[in-house]
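As the structure lists them, so they are numbered: ligands from 1, and atoms in each ligand from 1. Being a predicted model, the structure only gives us computed values, none of them experimental.
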Amino acid sequence: MNKDVGFLNFSVNKILTKEQSILDQARVRLLYYGLLLAIVAIAGLVVNIYLDHQYTLAFTSTILLVSIIILFKYFTFRPRWAIISHILLVLATMVNISAVFIILQKVDIITAQILLLIIVFSFYMLGQVSGMFYSLMNLIPVLLFQILEYDNNYVIDVKPLVLDQSTVIIAGCANFILIIFMLSHFYTAFIRSIRELKSVAEERGILNVEFGKVIERAEKSAQAKSEFLSIMSHEIRTPLNAVIGMTNLLMLGNPRPDQKDNLDILKFSANNLLALVNDVLDFNKIEAGKVVFENIKFNIPDLMQNVCGGQRLKAEEKELEFKVLVDPGLKNKIVIGDPTRLTQIIFNLISNAIKFTPSGTVWVNAQMLEDRHNIVNVRFSIKDTGIGIEKENLDVIFEPFTQESLSTTRQYGGTGLGLAIVKRLLELQNLRVEVMSTPGVGSEFSFEMEFHVSTEMVPVPEVYSQQPAAVIPADSLGHLRVLIAEDNMVNVMLMKKLFSKWGITPTIAENGERAIEMVQYSNFDIILMDLQMPVLNGFDAATEIRKMRDPKKANIPIIALTASALFDIKERVFNSGMNDYVSKPFKPDELKEKMQNLVEIPG
Ligand code: ADP
């Protein structure tokens, strides 16, 4: 409501505000013009009645006129349309009933008009309940009067007034004008409301389109960011691979002790950098929702042995006690799950335990909590006697790029991504990581995971089941005809050097298309296939080779060389018919082992 309206205001525009709805604005206007019209009409009536010498009626009408003028003035000062409408309706009801029962003692067209006015006005101004109330308050007495009149038993002591025809005409006209005015007003407000609704809907439609565009832009920018990260990481990985590969080569060449120390530092730093790039890449992928969990068979004790093998060395380097306890009940069980992801989670937690424990013990525990029918529930926990974490930081440390404090960063390095990855990977499987920690005493990170147990006795996948391959003398590979499809010259040089140590002179194809040609025209025992190459990539080249007519060529073992740490690569590698993969920078021993697994080594 407009609070600035002065007492002397007579303008309707000042009592209209933008906050009022279309319907309320129409009510204010209707009341304003309706009261004005009523004032003019009643004033006319008063004069007419006075001239007609009906002084009593003229007097009552004057009181009515004054009341309406006061209401009008009040309304232009304080536009409380609801209260004023009630007052007007009470007045009208009194006039109507007294006119029918006392003053005129009859029901005529004027009564009908007044009834219509009251019904329309009350419904329009005050809504259904009040509308119904005032309508019945006026209709029932009029009907009652008609019944009494019909029975001829309505007789009171007051003589009815007979109105002059001119008064009837004035009242009739004024009433009709008021009824039409009200209805037209109501109709206009109704149409305006509908129009407004329509335009609001249109605006909303436009807004939705805009909103959609903004979301699309945000998604695109997130995608661009994620792609940028992938590409950058890939670009960083490629030269890093060369650094690590070259270090491996130099290490194979019997370096002097001082050179070996330097090479160790070089390898350590490059591996750290690579781990960091992989973490960023991994986290990026998880955040982009691109992680698909595998369901393959594996054995938990084997997996634990695999994860803990390398970590044990790290712990020993720091002179920490490293204790691994795997429930014996899990020994003969082949479970179904995602070993790569589980390895990653446990690996990150053990790395942290070792990193943040200056002295004491690190315990790694896989305990079977439940073994029912074909499901096992296992609790994995990694406990240390390290620096511990303050209670208020227990949530923060799981946020990406967050470490407990600046001094942690300074003292221990790291990106603050390890725990974020652990948390997200578990969350994606509807699991939670629990942490208990006391500063200065130690920490324990744990989570529970359920696995289906395989009933068939299927061999466990190679990666986790195999005993370390028997060391085969280097020259046993010497007879192999190897084709390397690789476009990066530094990598080619590295591989050549490495292969020369095994007595192999590989053939090089600089892209997938050349590799196919070479396979067609020469004979090879094994192909090492880079995946990202110009002209034709490794996946397509492998698919083409698998389609060759000569079964010997179509079945040549192919090992993919992947530079990317992306998870779906594995699936694509196998789908395109390749036998195995090594991720760059590959460890010479790993590559050798995989090659030996795929080709027949003469006894
Ligand atoms: P980063 O290890 O790269 O710093 P994480 O996400 O793995 O990143 O860990 C986040 C932080 O959580 C660490 O910086 C450290 O402050 C704290 N933290 C994690 N594990 C432990 C632990 N076992 N003991 C003490 N603090 C830990």
| query | Looking at ligand 1, does Gly388 have a heavy atom less than 4.0 Å from it? | reply | yes
| task | Consider ligand 1: state whether an atom of it lies below 4.0 angstrom from any non-hydrogen atom of Phe398. | result |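 It does not, in that no heavy atom of Phe398 comes within the 4.0 Å cut-off of ligand 1.
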| query | Are any of the N/O atoms in Ile387 less than 3.5 Å from those in ligand 1? | reply | no
| said: I'd like to check whether Phe356 has a polar contact with ligand 1, where a contact means an N/O of the residue lying under 3.5 Å from an N/O of the ligand. | reply: no
| Atoms of ligand 1, numbered as shown, that sit under 4.0 Å from any heavy atom of Lys355 |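 Those atoms are 1 (P), 2 (O), 3 (O).
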| remark: ligand 1 to Leu417, heavy atom cutoff 4.0 Å, flagged ligand atoms 6 (O), 8 (O)
| field | Heavy-atom check, side chain of Leu349 versus side chain of Leu419, under 4.5 Å | value | yes
| said: Tell me the nearest of Ile421, Asp384, Ile389, Leu394 to atom 26 (N) of ligand 1, using heavy-atom distances. | reply: Ile389
| task | Return yes if some donor-acceptor pair links the side-chain N/O of Thr543 with the main-chain N/O of Gly577 below 3.5 Å, else return no. | result |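 Not confirmed, Thr543 side chain does not pair with Gly577 backbone.
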| task | Keeping the roles fixed (side chain from Lys314, backbone from Ser351), state whether a donor-acceptor pair exists under 3.5 Å. | result |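 The answer is no, because no donor-acceptor pair under 3.5 Å joins these two groups.
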| query | Can you find a side-chain donor-acceptor pair between Ser381 and Ser446 that sits under 3.5 Å? | reply |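 Their side chains do not contain a donor-acceptor pair, so the 3.5 Å distance test is not met.
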| query | Using 30° and 60° as the class limits, which term best fits the ring planes of Phe451 and Phe380: parallel, tilted or perpendicular? | reply |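 Rings of Phe451 and Phe380: perpendicular, over 60°.
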| NZ/NE/NH1/NH2 to OD/OE distance under 4.0 Å, Glu216 and Lys213 |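 A salt bridge is absent here (no side-chain N lies under 4.0 Å from a carboxylate O).
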